[in-house]
Chemist: 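Below you will find the structure I want to go over with you.
Worth knowing before you read on, the calculation uses all heavy atoms, side chains too, and leaves out hydrogens, waters and symmetry mates.
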Amino acid sequence: MKIVLDSNIIIADFWLQSTNFKILFESVKKGNLEVYIPEIVLDEVVNKYDSRINKSKNDIESELKTFHKLTKEKQKFTISDELLQSCLSKYQEHLQKIVKENNIIVLPYPKTEHKLLANKAMLKLKPFNSNEKGYRDCLIWENIKSLLTEEEAVVALPELVFVTNNYKDFATPEFELHSDLIKELENEDFDPDSVRIYQNLSEFNEKQVKLFFTQANTFEKKLKDGNIYDFKLLNVTNEYLQEDFIGSQLSHYESDYEDDFSEPTVRGFEDEYNIEITSVKKMTANEYIVDVEFEIDTEIDFFMEKSEYWSLGEDKKGISVEDADWNRHMMWVCSNTDISISMTIILDTNLEVISCQINKVNKNYAQQYV
């Protein structure tokens with residue numbers, strides 16, 4: 001199976017070191033997948049990385065100026081242009097290394113006629129939008145079509161998977177391929193079911209890649225029975241939550257709740273909870289994928305409209321006010337709530353943690369007054 005990655009998937013994890021990328025690359029090494037990245041995607045990723053580190057430098061300098069004004073203390077700390085260039089070069093070398101080590105195929109810029117692209121833009125055909133923006137996306141789509149086989153010759157469907165969270169230009173809100181693109185495939189003698197879109201690697205791995213991994217029943221039983229000496233999953237999850245969950249905004253996680261409050265941020269959690277192991281799969285000869293779920297008592301802070309807060313009456317007992325006058329309309333508050341989390345952990349046979357990530361905040365993490 002062929003898989004094409006969009007820039008937004010790489011930008012979400014610049015160094016391509018998450019659990020999802022590791023699962024993907026292991027499947028490539030097993031010969032189950034061919035991964036393609038358009039050259040235009042790599043160029044956009046590098047450009048975005050350059051913009052991000054420059055913005056970070058500017059933010060630091062701005063905060064230092066604020067610190068100086070507040071404290072009358074002058075601290076010397078500078079990020080030189082030379083350092084930024086060095087970081088950019090290091091990142092480019094890392095990308096090239098990832099491409100080489102994982103046999104990723106880079107698709108060169110397509111030699112598409114400008115007349116064709118201009119005509120699609122004027123007709124507002126996908127991936128162009130109503131503002132005739134979409135030149136970059138159209139080049140990626142041309143790259144995708146170059147990998148497809150003619151309808152009568154295609155053996156298996158879908159022939160190609162495109163991983164992108166940009167549904168507005170390529171798909172419907174349900175992440176089905178847009179009708180404009182389906183029609184284009186049909187007109188060019190490709191099977192309309194040749195291309196399938198996934199909005200993230202986690203979904204793709206769950207539905208496609210993990211199907212290639214066999215169940216590790218013995219390992220799963222030992223984990224569930226707690227028969228592994230000096231090893232507790234609770235310690236693994238707590239360490240990850242301490243480092244990556246505290247200080248994060250819950251709105252950044254996939255959730256089945258659309259929050260109507262502003263910037264819910266994790267401040268802390270109770271470190272004693274029950275972990276349910278939902279599945280264990282063997283990934284390689286010495287690595288296992290362990291999926292777990294648990295519910296934790298979590299302290300979050302967020303911004304709330306003053307009028308809403310005062311209208312709650314007795315229901316606001318669970319809310320602690322941090323700053324009643326954050327601005328003219330909002331107040332900064334905090335509260336405790338139960339959060340249900342699903343997580344994927346990769347362990348090796350020495351019970352060392354290779355990778356760990358939160359997949360989803362499964363339940364409504366806001367109480368009735370939030």
Side-chain angles (χ1 to χ4, degrees), residues 3-22 24-25 28 35-68 75-112 114 117 121 127-129 131-144 162-170 198-202 243-244 247-249 251-253 263 355 357:
I3 174 172
V4 177
L5 302 180
D6 200 357
S7 55
N8 45 62
I9 302 301
I10 301 175
I11 290 170
D13 176 23
F14 274 114
W15 293 88
L16 292 84
Q17 294 178 336
S18 69
T19 297
N20 284 324
F21 271 110
K22 183 166 181 60
L24 179 72
F25 294 152
V28 172
V35 176
Y36 296 83
I37 301 179
E39 185 179 1
I40 188 174
V41 165
L42 291 177
D43 288 344
E44 184 177 9
V45 168
V46 170
N47 181 66
K48 181 64 70 172
Y49 180 82
D50 188 28
S51 299
R52 290 276 182 89
I53 60 176
N54 275 278
K55 182 181 183 301
S56 179
K57 172 182 181 293
N58 294 334
D59 289 345
I60 291 171
E61 292 175 348
S62 176
E63 288 300 315
L64 277 175
K65 289 179 181 178
T66 301
F67 180 80
H68 295 165
Q75 299 293 323
K76 291 184 178 180
F77 180 80
T78 58
I79 297 177
S80 66
D81 292 338
E82 290 77 11
L83 177 58
L84 289 178
Q85 185 57 48
S86 174
C87 291
L88 180 61
S89 298
K90 180 180 178 182
Y91 179 68
Q92 289 175 303
E93 291 173 1
H94 176 76
L95 270 184
Q96 294 171 1
K97 181 181 179 183
I98 289 291
V99 167
K100 182 177 180 180
E101 288 182 346
N102 295 283
N103 299 316
I104 296 172
I105 302 169
V106 178
L107 299 171
Y109 280 76
K111 297 179 180 179
T112 307
H114 291 289
L117 299 181
F128 286 98
N129 57 34
N131 297 321
E132 298 185 8
K133 294 182 179 179
Y135 181 79
R136 160 203 166 279
D137 293 329
C138 201
L139 293 181
I140 293 174
W141 177 244
E142 291 299 313
N143 277 144
I144 287 173
F162 181 39
V163 186
T164 178
N165 64 20
N166 181 13
Y167 79 84
K168 292 183 179 180
D169 294 326
F170 292 101
Y198 287 99
Q199 60 184 316
N200 53 57
L201 278 178
S202 179
E243 293 181 1
D244 293 86
S248 65
Q249 289 187 12
S251 54
H252 290 172
Y253 297 103
E263 300 178 5
S355 184
Q357 73 176 27

Chemist: Partners of Leu5 by side-chain contact (heavy atoms from CB on, under 4.5 Å), sequence neighbours excluded?
Modeler: Ile3, Phe21, Leu24, Val35, Ile37, Val163, Leu201
Chemist: Do NZ/NE/NH1/NH2 and the carboxylate oxygens of Glu61 and Lys57 come within less than 4.0 Å?
Modeler: yes
Chemist: Going from CD1 on Ile79 to CD1 on Ile60, what distance comes out if it is rounded to the nearest 0.5 angstrom?
Modeler: 3.5 Å
Chemist: Using the test side-chain contact (heavy atoms from CB on, under 4.5 Å), find all partners of Gln96 that sit at least two apart in sequence or belong to another chain.
Modeler: none
Chemist: So which atom in His94 and which in Trp15 form the shortest heavy-atom distance, rounded to 0.1 Å?
Modeler: NE2-O, 2.9 Å
Chemist: Mind listing the closest non-hydrogen atom pair of Asn165 and Gln199 along with its distance?
Modeler: CB-O, 3.5 Å
Chemist: What is the distance from atom NZ of Lys90 to atom NZ of Lys97, rounded to the nearest 0.5 Å?
Modeler: 10.5 Å
Chemist: Between atom CD of Glu44 and atom CD1 of Ile40, what is the distance when rounded to the nearest 0.5 Å?
Modeler: 7.0 Å
Chemist: Parallel under 30°, tilted from 30 to 60°, perpendicular over 60°: which one fits the rings of Trp141 and Phe170?
Modeler: tilted
Chemist: Between the side chain of Tyr91 and the main-chain N/O of Phe14, is any donor-acceptor distance below 3.5 Å?
Modeler: yes
Chemist: Using every non-hydrogen atom in the two residues, find where Ser18 and Asp13 come nearest and quote the distance to one decimal.
Modeler: N-OD2, 2.9 Å
Chemist: I'd like a table of donor-acceptor pairs (distance under 3.5 Å, sequence neighbours excluded) in which one partner is a side-chain atom from residues 100-109, with atom names and distances.
Modeler:
unit_1, atom_1, unit_2, atom_2, d
Asn102, ND2, Ile98, O, 2.9
Tyr109, OH, Asp43, OD2, 2.8

Chemist: Where is the tightest heavy-atom contact between Pro38 and Val4, given as atom of each residue plus distance?
Modeler: CD-CG1, 3.8 Å
Chemist: Who pairs with Ser80 by side-chain contact (heavy atoms from CB on, under 4.5 Å), at least two apart in sequence or on another chain?
Modeler: Glu82, Leu83
Chemist: For Tyr36 and Asn143, run side-chain contact (heavy atoms from CB on, under 4.5 Å): C-alpha distance rounded to whole Å, both residues' side-chain angles, the deciding distance at 0.1 Å, then the answer.
Modeler: CA-CA 9 Å; Tyr36 296 83; Asn143 277 144; over 6 Å; no
Chemist: Distance check, rounded to the nearest 0.5 Å: Ser86 atom OG versus Asp81 atom CG?
Modeler: 12.5 Å
Chemist: Output the distance between atom CG (Asn166) and atom OG (Ser7), rounded to the nearest 0.5 Å.
Modeler: 8.5 Å
Chemist: What donor-acceptor contacts under 3.5 angstrom involve side-chain atoms of residues 45-56, with partners at least two apart or in another chain?
Modeler:
unit_1, atom_1, unit_2, atom_2, d
Asp50, OD1, Asn54, ND2, 2.9
Ser51, OG, Asn47, O, 3.1
Asn54, ND2, Asp50, O, 2.7
Lys55, NZ, Asp59, OD2, 2.9

Chemist: Quick one: list whatever passes salt bridge (Lys or Arg N to Asp or Glu O under 4.0 Å) with Lys65, sequence neighbours left out.
Modeler: none
Chemist: CG of Leu139 to CZ of Arg136: how many Å apart, nearest 0.5 Å?
Modeler: 9.0 Å
